[in-house]
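First up is the structure itself, then whatever we jot down about it.
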Amino acid sequence: MPAPTLKIDHARYILTLDRQRRIIEDGAILIEGGRFLQVGKAAELAEARADRVIDGRQLVITPGFVNGHMHISYAHPVRGIFPDEQASPLVHVFNLQTAMTEEEEYHATLLGLVELVKNGTVCFLDPGSTKFPDACLQAYEDSGMRVILGECVTDQPAPFTLPRYDAREAVARTSSFIAKWNGRLEGRIRAWAMPFSHETCSPGLLEALKRVADEHGTGLTLHHGSGTKARQDSIARHGYTPTAYLESIGVMGPNVLLAHCLGLDEAEIDSIARTGTAIAMCPVTAAKGGRGVPEHGRMPEFLARGVKIALGCDSPNNSNHLDMVRTMNMAALQYKDARQDTRQVPAEAALEMATRHGAEAMGLGDELGSIEIGKKADLVCFDVLRPEWQSMWNPLNNLVYNADGRSVHTVVIDGRIVVDAYRQSFVEEPRLFAKVQEIGERLQARTGIRFPRSRWPLS
Ligand SMILES: [Zn+2]
């Protein structure tokens, strides 16, 4: 039986993110076999018939959002437990993550998927934090989401609990993980090499993992930052800045995605641009964590050098929301303020990072990131019959500066409707929410990681 066809007719605007960045007013889209078959003015597609037709008169349509750094698996049950004065909760974060059972991780992941997809995300990269991918596979399949997975490995001491192996075993585990997972769920799952960071891995391990990624035609991601102290440490240890060190051992290139990338100097930015390395930045995490964007944030310099940047939400205990619209908003605002210059990170650049450029950064640019004939049919429909979308002069400004994920009305992945007029149908939400709350209680009791629940009297 042929796959059902889908038409969105008379869309108020389609932000195509195609090569010319066309914005089509009164547009139409025809989807067949999970791909865009026609995209144009509604009048041009007047004859096109489909099994289902969505009335787009009150919808603004964008490509699906991609999220380049998203620890999905642990934090929902304990989201919000850390008080603002907890400078870095990382030690607790990794202890909580390590303590999760298979069943707990499945439910936490399911809730993460609900939040992501209902806010318009169609693809995310989990930087190796999922411990039980077999248990989570059903959740990935049910949600219809695209997922880039990997197994977090290290072979050096770390300041917090991370999986540590000898280098040979870490490489073998990564190879077999990729062989087992890459391409599953009709290609919606990709598997990458995921060393935690250059500080927690030996050069031999990093080089070997890059070779594994190259041989499998897949990617490698790791946490990466610089700044005065990290630079001094890296120079003392390796004789190079963190980025120059990675370049010196061959762990850079278009299939490498460096996460966070705060505090890099000019030479490091040049190294990233020259080698075609991609980066993922988490603007809300940076702001909430007081990471000093005015001093350490270099997004405008990366953009000026044409570096492919994906945006990330990091984790439900970092950002803490999983809303790519709010994340675009933060990216567009924080550099205007940090540089006292409204020309920094235009709304257009924010939307490119969340879609086309983000997909390129994640190695998926040929298939995703724009609404173009032949590409995979992933898209988001925003309901503009809401006060925050008024008045409509520049839909792109409205999206990035006025709206948030709550106006996501319909989401399509691979030509399949996964959110239909605000509703997902893969899980019963109230029951899941109660379950995850209960898991949070169990997890805090088991680990002893507890904080005062409120600064104000709570009775
Ligand atoms: Zn991370």
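The residues Glu186 and Arg146 are annotated as not salt-bridged, no charged nitrogen and carboxylate oxygen being separated by less than 4.0 angstrom. A salt bridge does not link Lys376 with Asp366: every distance from a Lys NZ or Arg NE/NH1/NH2 to an Asp or Glu carboxylate oxygen is 4.0 Å or more. Ion pairing between Arg188 and Asp414 holds under the 4.0 Å rule for side-chain N and carboxylate O. One finds no salt bridge joining Lys41 and Glu25 here, because no Lys/Arg side-chain nitrogen approaches an Asp/Glu carboxylate oxygen to under 4.0 Å. For Arg356 and Glu372, the salt-bridge test passes: some basic side-chain N is under 4.0 Å from an acidic carboxylate O.
Contacts of Glu295 classified as side chain to side chain contact (heavy atoms under 4.5 Å, CB included), with partners at least two apart in sequence or in another chain: none. With sequence neighbours left out, Ser175 forms a side-chain hydrogen bond (donor to acceptor under 3.5 Å, both in side chains) with no residue at all. With sequence neighbours left out, the side chain to side chain contact (heavy atoms under 4.5 Å, CB included) criterion links Glu266 to Ile269, Arg298, Glu301. Considering only residues two or more places apart in sequence or on other chains, Arg211 meets the side-chain hydrogen bond (donor to acceptor under 3.5 Å, both in side chains) condition with none of them. Partners of Phe451 according to the ring pair (Phe, Tyr, Trp, His ring centres under 6.0 Å) rule, which considers only residues two or more places apart in sequence or in another chain, are Phe82, His92. Checked against side chain to side chain contact (heavy atoms under 4.5 Å, CB included), Asn95 has the following partners two or more places apart in sequence or in another chain: Val91, Thr161, Ile449. Checked against side-chain hydrogen bond (donor to acceptor under 3.5 Å, both in side chains), His71 has the following partners two or more places apart in sequence or in another chain: His69, Ser129, His223. Residues satisfying the side chain to side chain contact (heavy atoms under 4.5 Å, CB included) criterion with Pro133, sequence neighbours excluded, are Thr130, Leu149, Phe177, Trp181. The side-chain hydrogen bond (donor to acceptor under 3.5 Å, both in side chains) test applied to Thr200 returns Ser197, not counting sequence neighbours.
Looking only at side-chain heavy atoms (C-beta outward), Ile371 and Ile29 come within less than 4.5 Å of each other. Put simply, the side chain of Leu59 does not reach to within 4.5 Å of the side chain of Phe382, judged on heavy atoms. Residues Asn67 and Leu125 form no side-chain contact, since every pair of their non-hydrogen atoms from C-beta on lies 4.5 Å or further apart. Ile23 has its side chain out of reach of Ile14: every pair of non-hydrogen atoms, C-beta onward, lies at least 4.5 Å apart. Leu258 has its side chain within reach of Met252: a pair of non-hydrogen atoms, C-beta onward, lies under 4.5 Å apart. The shortest distance between side-chain heavy atoms of Arg164 and Pro157 falls below 4.5 Å. Contact check for Leu220 versus Leu257: no side-chain heavy atoms found under the 4.5 Å cut-off. Pro127 has its side chain out of reach of Trp192: every pair of non-hydrogen atoms, C-beta onward, lies at least 4.5 Å apart.
A donor-acceptor distance shorter than 3.5 angstrom exists from the side chain of Ser234 to the backbone of Tyr240, with no hydrogens or angles considered. Although no hydrogens or angles enter the test, the distance criterion places no donor-acceptor pair under 3.5 Å between the side chain of Asn318 and the main chain of Thr285. Between the side chain of Asn317 and the backbone N or O of Val93 there is no donor-acceptor pair closer than 3.5 Å. No donor-acceptor pair under 3.5 Å is formed between the side chain of Arg190 and the backbone N or O of Val147. Of the possible polar contacts, none joining the Asp314 side chain to the Met70 backbone as a donor-acceptor pair under 3.5 Å is found. The closest donor-acceptor contact from the side chain of Lys336 to the backbone of Val345 lies under 3.5 Å. The main-chain N or O of Ala172 is found under 3.5 Å from a side-chain atom of Ser176 such that the two form a donor-acceptor pair.
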Are Thr241 and Thr243 close enough, and set up right, to give a side-chain hydrogen bond (donor to acceptor under 3.5 Å, both in side chains), and what steps lead you there? CA-CA 6 Å; Thr241 65; Thr243 311; 5.1 Å; no

Can you list the steps and then say if Gln344 with Asp341 is a side-chain hydrogen bond (donor to acceptor under 3.5 Å, both in side chains)? CA-CA 6 Å; Gln344 301 297 337; Asp341 177 359; 3.0 Å; yes

Take Tyr422 and His409 through the test ring-ring contact (aromatic ring centres under 6.0 Å, His included) and record every step on the way to the result. CA-CA 5 Å; Tyr422 294 103; His409 178 276; 5.3 Å; yes

Would Tyr165 and Glu151 count as a side-chain hydrogen bond (donor to acceptor under 3.5 Å, both in side chains) here? Give the steps. CA-CA 12 Å; Tyr165 311 98; Glu151 184 175 359; 3.2 Å; yes

Worked check of side-chain contact (heavy atoms from CB on, under 4.5 Å) between His198 and Tyr245: CA-CA 9 Å; His198 77 85; Tyr245 164 64; 4.0 Å; yes

As a quick check of understanding, evaluate side-chain hydrogen bond (donor to acceptor under 3.5 Å, both in side chains) for Lys131 and Ser73, giving each step before the final call. CA-CA 8 Å; Lys131 293 193 301 171; Ser73 67; over 6 Å; no

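Side chains of Ser319 and Lys288: a donor-acceptor N/O pair is absent below 3.5 angstrom, by distance only. If you check the side chains of Asp214 and Asn255, you find a donor sitting under 3.5 Å from an acceptor.
The heavy-atom pair separating Val380 from Gly64 by the smallest distance is CG2-CA, 3.7 Å. Considering every non-hydrogen atom in both Cys123 and Leu364, the closest pair reads SG-CD1, 3.7 Å. Of all heavy-atom pairs between Cys313 and Asp323, the closest is SG-N, 4.0 Å. When all heavy atoms of Ser407 and Glu388 are compared, the pair lying nearest together is CB-OE2, 3.8 Å. When all heavy atoms of Tyr401 and Asn329 are compared, the closest pair comes out as CA-ND2, 3.8 Å. Residue Pro77 comes nearest to Met100 through the heavy atom pair CG-CE, 4.2 Å, listed as atom of the first residue, atom of the second, then distance.
For CZ of Arg339, the number of neighbouring non-hydrogen atoms (other residues, nucleotides, ligands) closer than 6.0 Å is greater than 12. More than 12 heavy atoms of other shown residues, nucleotides or ligands fall within 6.0 angstrom of atom CZ in Arg450. Within 6.0 Å of CZ in Arg406 there are 12 or fewer heavy atoms belonging to other residues, nucleotides or ligands. More than 12 heavy atoms of other shown residues, nucleotides or ligands fall within 6.0 angstrom of atom CD in Glu85.
Within the structure, ring pair (Phe, Tyr, Trp, His ring centres under 6.0 Å) pairs that include any residue of residues 275-332 do not occur (at least two apart or interchain). Evaluation of the ring pair (Phe, Tyr, Trp, His ring centres under 6.0 Å) test over residues 112-132, restricted to residues two or more places apart or in two chains, returns none. A side chain to side chain donor-acceptor pair (under 3.5 Å) check over residues 345-355, counting only residues at least two apart or in different chains, returns the pairs Arg21-Glu352.
Ring centroid separation for the pair Phe196 and Phe94 comes in under the 6.0 Å cut-off.
Atom CZ of Arg291 sits about 5.0 Å away from atom CG of Leu262, to the nearest 0.5 Å.
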